[in-house]
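First comes the structure, then the notes that go with it.
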Amino acid sequence: METRFDAIVIGAGPSGSAAAYNLAKAGFNVLMIERGRRPGAKNMFGGRVYKAPVEKAFDDLDKAPIHRWVVKERISVVYDEEALTIEYDGRGRHSFTTYLTDLSSWMADKAVSAGAKLITEVVVDRLLVEDGWVKGIISGDERLYSDVVIDCEGVNRLVLEKSGFVEPLEPDNVALGFKEVLKLSKDDINKFFGLEDDEGLAWVFMGEYTEGIPGGGFLYTNRDSVSLGLVIYLGYAAKDLKSHVYDLMERVRLSRIFNKYFRDARVMEYSAHMIPADIKSFRPKRLVYNGLVIAGDAGGFLLNLGYTYRGVDLAAYTGYLAANTISKVSGEYSQESLSIYEDEIEKSFVGRDLKKFSGVHTLYENRRLFREYPILAINVMRRIYNLEFESTRFRDAFNQSRKGLVGLTTILKDLWGVYRNL
Ligand SMILES: Cc1cc2nc3c(=O)[nH]c(=O)nc-3n(C[C@H](O)[C@H](O)[C@H](O)COP(=O)(O)OP(=O)(O)OC[C@H]3O[C@@H](n4cnc5c(N)ncnc54)[C@H](O)[C@@H]3O)c2cc1C
């Protein structure tokens, strides 16, 4: 086997394939190394991908394994088996649902068709660093050389850690996501959620399912299945979680809100994965070093806004920017030359969004959002809607519901926090 390449890409997730695809298109001799049996085999996500950034990184997105276009958005707070839900019923085609395994395979196939080489079931152990330059990768006894390495290994980023480029992850900095894929017929999905054939629903919820631990849940409709999952912040869970995470998941599926959809559904798949919680502390000090560029989750390019989650599109887009930078500086891969990549990121929607929402994680640290406010919301609804004879004013329902639960000044302070950070 060849042992020298123009570029080596670690990982065949969305960021790795975007980098490999765009480099191969530009005529580079690229090797992409994936530890899974096939690209996507080790990947996990909730279920929705925003189209525009992915379309920049890959041609022919209309041929990708798209399940449904998300037209309905739901946000619910849940307490005592009751939910208060806001629904947006839109018409746009801005994001779609898919299986990440299939989408990753499609992306990797694009890279291979463009000329990139792909090897699977190979784990990169470390970067090959000589005299302050990354010269390639080490896998077992094998050394492979390249002019530049693009690290797209995802959130665990053990290669970067073992090679001394980032610190180990702390439990306080990460959340754990777990998900079930439940089999439902296309017709049932359309009937249950009020959708047409290619229309999809993205539903996020928070409240009792996480036992007051910061986090929340998600439901995405695929073509003929539903992805149902929870995310909990590990630092808090380690201290306060009473149940096993599998039981939490079971409780969601069997709850009054969701059981009506899943009574007869078969669990097709179960998976769990880590997610960075506080992006600021997760991000590596630099995204470029001599001979090295970092893209995707490994670089901390994730946006969790509570009402939506973006990672795949940011991964594909940063992989694309990494490839563009490498093409631009062709042959001159010092940290200084490669810093164009950092500038491009800052100027792009990725840099702007990460800056704009850099305080969002502080909201998750406010546990009232996950404990007191769901109780308050449901109790207000009960007081104004569950009537016998006399109707209740909204302000009375609100004041009676918050008594002994949360003070007015605290509510105003928390609202200000939401306003400032979202
Ligand atoms: C619970 C959960 C829900 C999510 N929901 C959404 C969502 O709804 N929408 C969204 O856009 N994003 C979502 N995300 C985030 C999204 O999955 C990631 O942002 C995206 O997959 C990042 O792509 P990537 O290419 O950077 O990394 P990954 O997709 O993680 O790919 C990295 C690849 O590198 C390989 N690899 C790792 N180490 C090595 C090694 N040493 N040697 C060789 N190969 C290696 C892995 O096997 C993997 O294939 C979610 C994530 C989680 C955990």
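Start at 1 and go down the list; that is how both ligands and their atoms are numbered.
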Show the atoms of ligand 1 that are less than 4.0 angstrom away from any heavy atom in [X].
{"X": "Gly311", "result": "10 (C), 11 (O), 12 (N), 19 (O)"}
{"X": "Gly296", "result": "26 (O)"}
{"X": "Tyr220", "result": "8 (O)"}
{"X": "Gly177", "result": "1 (C)"}
{"X": "Leu100", "result": "17 (O), 21 (O)"}
{"X": "Leu302", "result": "15 (C), 19 (O)"}
{"X": "Ile33", "result": "43 (C), 44 (N)"}
{"X": "Met274", "result": "53 (C)"}

Taking the side chain as every heavy atom from C-beta outward, state whether [X] and [Y] have any pair of such atoms under 4.5 Å apart.
{"X": "Tyr88", "Y": "Tyr307", "answer": "no"}
{"X": "Thr325", "Y": "Val293", "answer": "no"}
{"X": "Val124", "Y": "Ile8", "answer": "no"}
{"X": "Asn156", "Y": "Met274", "answer": "yes"}
{"X": "Arg48", "Y": "Phe218", "answer": "no"}
{"X": "Arg157", "Y": "Pro284", "answer": "yes"}
{"X": "Leu369", "Y": "Asp414", "answer": "no"}
{"X": "Val134", "Y": "Phe165", "answer": "yes"}

Can Thr318 be said to touch ligand 1, with heavy atoms closer than 4.0 Å?
no

Please verify whether a non-hydrogen atom of Val49 lies at under 4.0 Å from ligand 1.
no

[X] N/O to ligand 1 N/O under 3.5 Å:
{"X": "Gly36", "result": "no"}
{"X": "Ser15", "result": "yes"}
{"X": "Ala315", "result": "no"}
{"X": "Arg48", "result": "yes"}
{"X": "Val312", "result": "yes"}

Ring centres of [X] and [Y] under 6.0 Å apart?
{"X": "Tyr50", "Y": "Phe349", "result": "no"}
{"X": "Tyr270", "Y": "Tyr246", "result": "yes"}
{"X": "Tyr309", "Y": "Phe45", "result": "no"}

To the nearest 0.1 Å, how far is [atom] from its closest protein heavy atom, and which atom is that?
{"atom": "atom 2 (C) of ligand 1", "answer": "Ile275 CD1, 3.7 Å"}
{"atom": "atom 49 (O) of ligand 1", "answer": "Glu34 OE1, 2.6 Å"}
{"atom": "atom 31 (O) of ligand 1", "answer": "Gly13 CA, 3.5 Å"}
{"atom": "atom 39 (C) of ligand 1", "answer": "Arg35 CD, 3.7 Å"}
{"atom": "atom 34 (O) of ligand 1", "answer": "Gly11 CA, 3.1 Å"}
{"atom": "atom 5 (N) of ligand 1", "answer": "Gly46 N, 2.7 Å"}
{"atom": "atom 14 (N) of ligand 1", "answer": "Tyr309 CE2, 3.3 Å"}
{"atom": "atom 37 (C) of ligand 1", "answer": "Glu153 O, 3.1 Å"}

Quick one: do [X] and [Y] make a salt bridge, cutoff under 4.0 Å?
{"X": "Lys355", "Y": "Glu346", "result": "yes"}
{"X": "Arg93", "Y": "Asp198", "result": "yes"}
{"X": "Arg4", "Y": "Asp147", "result": "yes"}

Using a heavy-atom cut-off of under 4.0 Å, does the side chain or the backbone of [X] touch ligand 1, or both, or neither?
{"X": "Val124", "value": "both"}
{"X": "Cys152", "value": "backbone"}
{"X": "Val159", "value": "side chain"}

List the steps, then state whether side-chain hydrogen bond (donor to acceptor under 3.5 Å, both in side chains) holds for Tyr317 with Ser348.
CA-CA 10 Å; Tyr317 197 78; Ser348 73; 5.5 Å; no

Is it true that Asn22 and Asn324 share a donor-acceptor pair across their side chains at a distance under 3.5 Å?
no

Pick, from Ser271, Ala316, Gly47, the option with the minimum heavy-atom distance to atom 8 (O) of ligand 1.
Gly47

